[in-house]
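Data first, discussion second: the structure below is written as structure tokens.
Model, not experiment: these values are computed from the prediction. Because only heavy atoms are used, hydrogens play no part in the values below, and waters and symmetry mates are left out as well, while side chains stay in.
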Amino acid sequence: MPEFTLPPLPYAFDALEPHIDARTMEIHHGRHHQAYVTALNAALSDHPNLQTRSIEEIVRGIAQIPEAIRTRVRNNGGGHYNHALFWEIMKPGGAREPGGALGSAIQEAFGNLDNLKKAVSDAGMNRFGSGWSWLALDRGKLVVLSTANQDTPLMDGHTPILGVDVWEHAYYLKYQNRRADYLAAWWNVVNWTEIGRRYDAATR
């Protein structure tokens, strides 16, 4: 049967040092993300009609997934989708700020980049327990959202273009319980070029 696979990191484990340490990246990608992929494939193993769908189609249509496997698909399909996006929107030595249409949209929606960063970081800080903070498109407008566990804005009809993981496994080895320090450091590795590409694709 067709199976989802763990996408390779687009950089070395230590490429995001000192902001995100190599050991965290190795465990986060190779163990946590792999576990989501493995569990998703197991959940879909008896549903060949779902196995040909993309991960975007699966999580966007979560309400139509058979009830017997919906929770497993929600958790593990969401985990796979979210992490695949997460690796791509980080980069060592990337652009320091967004440009083009995304830059203009951020100015319009938030006033400036610092206001956006604060809104995303605040959403991450205010997420009790595990989850994600997002910059997403809602009917063409940029909005900041937070989701619990491995839920994704796609499940509510929004298109995420930036997401930051605030599960403790994303930062605990280096930052322990200092989520605020992790979020502040994370902005140093954001890949604004990729986020801009996602914004352009979603607004065409």
**Request:** Check the angle between the aromatic planes of Y36 and W167 and answer parallel, tilted or perpendicular using the 30° and 60° thresholds.
**Result:** perpendicular
**Asked** Do N112 side-chain atoms and N115 backbone N/O form a donor-acceptor pair below 3.5 Å?
**Response** yes
**Min side-chain heavy-atom separation I62-V73 under 4.5 Å** = yes
**Prompt:** According to the interplanar angle, ranging from 0 to 90°, do the rings of Y182 and Y171 count as parallel (below 30°), tilted (30 to 60°) or perpendicular (above 60°)?
**Reply:** parallel
**Asked** Distance from T24 atom OG1 to H29 atom NE2, nearest 0.5 Å?
**Response** 14.0 Å
**For G78 against V59, the heavy-atom pair lying closest together** = N-CG1, 3.8 Å
**Item:** Note, L154 side chain near P160 side chain (heavy atom, < 4.5 Å)
**Value:** yes
**Asked** V166 and V143: same hydrophobic cluster, using ILVMFWY side-chain contacts below 4.5 Å?
**Response** yes
**Asked** Looking just at side-chain N and O atoms, do N75 and Q150 make a donor-acceptor pair shorter than 3.5 Å?
**Response** no
**Considering all heavy atoms, the nearest P7-H80 contact** = CD-CE1, 4.0 Å
**Asked** Which atom names give the shortest non-hydrogen contact between L145 and P153, and what distance separates them?
**Response** CD1-CB, 4.0 Å
**Request:** Taking R179 for its side chain and G124 for its backbone only, find out whether a donor-acceptor pair lies under 3.5 Å.
**Result:** yes
**Asked** How many angstroms lie between CZ in R53 and CD1 in I58, if you round to the nearest 0.5 Å?
**Response** 7.0 Å
**Item:** Test: R70 and E67 ion pair at under 4.0 Å
**Value:** no
**Asked** Linking I/L/V/M/F/W/Y whenever any side-chain heavy atoms sit under 4.5 Å apart, do L6 and I55 land together?
**Response** no
**Message:** I need the L9 CG to E26 CD distance, nearest 0.5 Å.
**Reply:** 10.0 Å
**Message:** Could you see if I27 belongs to whatever hydrophobic cluster contains Y11? Use Ile, Leu, Val, Met, Phe, Trp, Tyr and a side-chain cutoff under 4.5 Å.
**Reply:** no
**Item:** Transitive ILVMFWY side-chain link L116 to M125, under 4.5 Å
**Value:** yes
**Asked** Can you find a pair of side-chain heavy atoms, one from S133 and one from R127, that are under 4.5 Å apart?
**Response** no
**Complete:** Tightest non-hydrogen contact, residues D151 and T147, listed as O-OG1, 2.8 Å
**Message:** Looking at every non-hydrogen atom in both residues, tell me the closest pair between D165 and F86 and how far apart they are.
**Reply:** N-CE1, 3.7 Å
**Message:** When you compare the side chains of S104 and E108, does any donor N or O come within less than 3.5 Å of an acceptor on the partner?
**Reply:** no
**Message:** If you define the side chain from C-beta out and look only at heavy atoms, does anything of T203 sit under 4.5 Å from T159?
**Reply:** no
**Any donor-acceptor N/O pair, Q51 side chain to E3 backbone, under 3.5 Å** = no
**Item:** Min side-chain heavy-atom separation T38-N76 under 4.5 Å
**Value:** no
**Between R74 and N149: side-chain donor-acceptor atoms closer than 3.5 Å** = no
**Interatomic distance, R198 atom CZ to L162 atom CG [nearest 0.5 angstrom]** = 10.0 Å
**Prompt:** Should L135 and L142 count as side-chain neighbours, where that means a heavy-atom distance under 4.5 Å?
**Reply:** yes
**Message:** For the CE atom of M90 and the CG atom of N188, what is their distance to the nearest 0.5 Å?
**Reply:** 12.5 Å
**Prompt:** Nearest heavy-atom pair of A119 and F110: which atoms, and what distance?
**Reply:** CB-CE2, 4.5 Å
**Request:** Show your working on side chain to side chain contact (heavy atoms under 4.5 Å, CB included) between Y175 and L183 and close with a plain yes or no.
**Result:** CA-CA 10 Å; Y175 296 97; L183 286 166; over 6 Å; no
**Prompt:** When rounded to the nearest 0.5 angstrom, what distance separates OG in S121 from CH2 in W187?
**Reply:** 5.5 Å
**Message:** I'd like to know if the side chain of S146 pairs up with that of W132 as donor and acceptor (distance under 3.5 Å, no hydrogens or angles considered).
**Reply:** no
**Message:** Would the distance check show the side chain of K91 and the main-chain N or O of E194 forming a donor-acceptor pair, the cut-off being under 3.5 Å?
**Reply:** no
**Message:** Any non-hydrogen side-chain atom of D21 less than 4.5 Å from a side-chain atom of L173?
**Reply:** yes
**Request:** Taking the side chain as every heavy atom from C-beta outward, state whether I89 and V190 have any atom pair closer than 4.5 Å.
**Result:** no
**Prompt:** Can you list the steps and then say if H158 with L137 is a side chain to side chain contact (heavy atoms under 4.5 Å, CB included)?
**Reply:** CA-CA 6 Å; H158 309 311; L137 281 161; over 6 Å; no
**Prompt:** Yes or no on ring-ring contact (aromatic ring centres under 6.0 Å, His included) for H169 and H28, after CA distance, side-chain angles and deciding distance?
**Reply:** CA-CA 7 Å; H169 66 233; H28 197 175; 4.6 Å; yes
**Request:** Answer yes when E57 and R60 have at least one side-chain N-carboxylate O distance shorter than 4.0 Å, and no when they do not.
**Result:** no
**Request:** Kindly assign one of parallel, tilted or perpendicular to the pair W87 and H83, based on the angle between their ring planes and the thresholds 30° and 60°.
**Result:** tilted
